[in-house]
Amino acid sequence: MLTCDHLVPPDRYNDRVEDHLRITGFYHASQIGVVQNQKALVNALIERWHPDTHTFHLPIGECVVSLEDVALILGLPTDGLPVTGVTMSSFSALEAECLHQFGVAPRDKSGAGVHWKFLPLLRDFAGIGQYSWGSACLAHLYRALCKASRYNCKEIDGPITLLLCWAWMRMPYLSPLPRELNSFPLANRWHNWERGDRRYRYQNLAQFRKAFDELQEGQFVWVAYAVDRVDPNIIPPEIFVQSIVWTATVPLVSFECIEWHATDRYRRQFDFIQGIPQQVTNLETAHGEVLTGPKNLNWATTPSHSNWVMHWTNRYNYVLSELPMPSQHPLETYMYWYRSNYGHRLNLSNLVGEDSDEGNEDIDEGNDDMDEGNQDMNEDNQDMDEGNQDMDDDNEELEPQSPPPSTPNPLPQEQPQFPSQYVPQTQFTPSFPTPQQYWGLSQFDPGEGGSFSQLLGLMAADARQSQYGNQTEFLPETNEYLADDPDDEDDNKEDDIEELDEDEKSRNDGQLQTPDDKGKGYNLKIDPPRRSASRYTPSVFKNAAKKCKNLVKDVRWTMRK
């Protein structure tokens, strides 16, 4: 604390201070410089945290900060006694402890530093190093993530440097440019990272969220401290000695704080085969314990914590080992189980989008009403199609059993073949090209006994087939025979009178033809359509259109009622 006021602080501590720090196990942590925060990345990781499993849930599986990460990123001791003891709520006890250790009592009660519950464990400098400070640090990180994952929490505390450096070690493509690759602790790789990569500071939450949604195997480094990634010569021997407990499935203890180190859920981080993990461990009331109110307790012996403290004491019995006989394709089995249980929470970009739309419920309801109106219109169109089908059925009943001798035999219609499993088809191919079928006038040359009435007869005979093809091929390009506006309700009588006049004119036209008219060629595309005595005249189609119109009106009236 004294060196912080110097303009140019020394590179190393005084030799006497360094010796004492090495005895306590805090020397490596004291060498970590300033690692700037990246709030968006922290928020993205909080979204992936599951308090019940104490793991991050990513598309590639479960992962988390482990005791191995604490030892190599912060350089804290991980094997030792549990960090627990007595907590006193009285201010007089705090004054007495401070006077005993520092010779000075605090002036203000509302200090924002470390809780004074740790002071009794720091009395004996030689005994400080026998505690597992790394597991206590990890317990507070887990507790901070569990609190921050609540919907009403707006802040997070705890060792954020550990969380950030873990993410950068495991997902290098999401990290800023490292500055010191051969320094220990590994957190110093990103010491003052903003100086070399200021653009990384402006990465937002949506970008990290999308990156986690699209995370694939190969982008996440499961074995992050292999010899090809970290030089083993920079790691002190006292850190490697404690590696035996890094894979232990045990509780993490720090006074009232109890969290679970679920190594069986992320075995791949230790280069083991991942199988389906055991059932989630329920920490019961110990998981929600806080130091609010009078808590004059010895957490090592209190009933809610004593079993977990004993579990940590027997930590060597819970070290992971490789599966003796791994089942066939264990990773595929695990991923199937994992996605079956947690797959609905792996793509958070879509879920967040749904949550953000809750404020637009009124607009969505209006859109739903519009969709319902479109659905009603589609139902009307479907009813019109059914009316057309009924019209075709009526025409089929009126169709003669055998064609006239002068009419060429129609080609047989090929029936569509359906596979064993029904797949609806939306279009059928006619047996021969449609333009040649309808517009090939060489087949109906007047000199060869053909007539316009025969052409209309063939067209009407093929009308049933046109509903599976292109209907506009046989109708003239005119609006004269289309259904009238459905909103017009008073035009039925006029249509009837108009039909009588047109039929009468058609008969008169047939009686008053001149020789010039007979010799004139008829172009069905350009000339107006003529009437004939055949039952398949345009008036039949117009009557059918009127039926469809009346059907639509009845349906709409029923829906309004």
Side-chain angles (χ1 to χ4, degrees), residues 45-57 62-67 70 78-89 115 117-118 121 131-153 155-159 162-163 245-267 275-320 337-338 341-342 345:
L45 290 171
I46 292 173
E47 290 179 346
R48 301 285 174 168
W49 180 261
H50 280 234
D52 53 344
T53 61
H54 291 86
T55 55
F56 296 112
H57 286 203
E62 295 179 85
C63 55
V64 79
V65 186
S66 66
L67 289 174
V70 178
T78 52
D79 189 15
L81 298 176
V83 179
T84 186
V86 180
T87 56
M88 303 293 292
S89 300
H115 197 279
K117 63 184 178 182
F118 296 102
L121 303 182
Y131 293 100
S132 176
W133 297 104
S135 63
C137 175
L138 190 58
H140 284 280
L141 176 61
Y142 285 10
R143 177 61 61 87
L145 289 171
C146 291
K147 289 182 179 179
S149 62
R150 300 172 183 173
Y151 72 95
N152 57 352
C153 184
E155 58 186 6
I156 185 174
D157 57 1
L162 173 61
L163 179 62
V245 299
W246 291 351
T247 64
T249 307
V250 290
L252 304 172
V253 181
S254 177
F255 288 90
E256 83 289 349
C257 181
I258 302 292
E259 301 294 332
W260 190 251
H261 193 233
T263 56
D264 61 317
R265 307 186 74 91
Y266 46 92
R267 297 172 61 94
I276 298 178
Q278 301 176 359
Q279 189 176 2
V280 176
T281 302
N282 185 8
L283 297 176
E284 300 175 351
T285 58
H287 189 227
E289 192 66 63
V290 293
L291 286 180
T292 56
K295 294 291 178 63
N296 301 321
L297 296 174
N298 185 354
W299 297 102
T301 59
T302 188
S304 60
H305 287 57
S306 59
N307 291 334
W308 305 117
V309 173
M310 184 60 63
H311 194 159
W312 169 263
T313 304
N314 299 326
R315 56 193 175 277
Y316 301 121
N317 298 331
Y318 303 100
V319 175
L320 286 183
W337 168 87
Y338 173 69
N341 288 273
Y342 306 104
R345 296 292 299 179

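Here the structure is a predicted model, which is why all the values come from computation and not from measurement.
- Remark: the backbone N or O of Trp312 is paired with a side-chain donor or acceptor of Arg315 at under 3.5 angstrom.
- Counting heavy atoms from C-beta outward, Val253 and Val83 have side chains that stay 4.5 Å or more apart.
- Here the closest heavy-atom approach between residue Arg267 and residue Asp264 is recorded as CG-O, 3.7 Å.
- Contact detail for Leu138 and Val65: the closest heavy-atom pair is CD1-O, 3.6 Å.
- For Thr263 and Thr249, the side-chain atoms include at least one donor-acceptor pair closer than 3.5 Å.
- Of all non-hydrogen atoms in His287 and Pro51, the two that sit nearest each other are CE1-O, 4.2 Å.
- Judged purely by atom type and a 3.5 angstrom limit, Ser132 has no side-chain atom pairing as donor or acceptor with the backbone of Leu81.
- Distance check, rounded to the nearest 0.5 Å: OG1 of Thr87 to CH2 of Trp299 gives 5.5 Å.
- The distance from the OG1 atom of Thr55 to the NE2 atom of His50 is 7.0 Å, given to the nearest 0.5 Å.
- His54 and Trp260 have their aromatic ring centers separated by at least 6.0 angstrom.
- Taking the six-membered ring for Trp and the full ring otherwise, Phe255 and His305 have centroids separated by 6.0 Å or more.
- For His140 and Ser254, the side-chain atoms include at least one donor-acceptor pair closer than 3.5 Å.
- Aromatic pair Tyr142/Trp49: ring centres closer than 6.0 Å.
- Relative ring orientation between His311 and Trp308 is described as parallel, the plane-to-plane angle staying below 30° on a 0-90° scale split at 30° and 60°.
- Shown here for Ala139 and Leu252, the closest heavy-atom pair between the two residues is CB-CB, 3.7 Å.
- A donor-acceptor pair under 3.5 Å is formed between the side chain of His261 and the backbone N or O of Leu67.
- Contact between Val319 and Tyr316 at its shortest, heavy atoms only, is CG2-O, 3.6 Å.
- Considering every non-hydrogen atom in both Pro82 and Val309, the closest pair reads CG-CG1, 3.9 Å.
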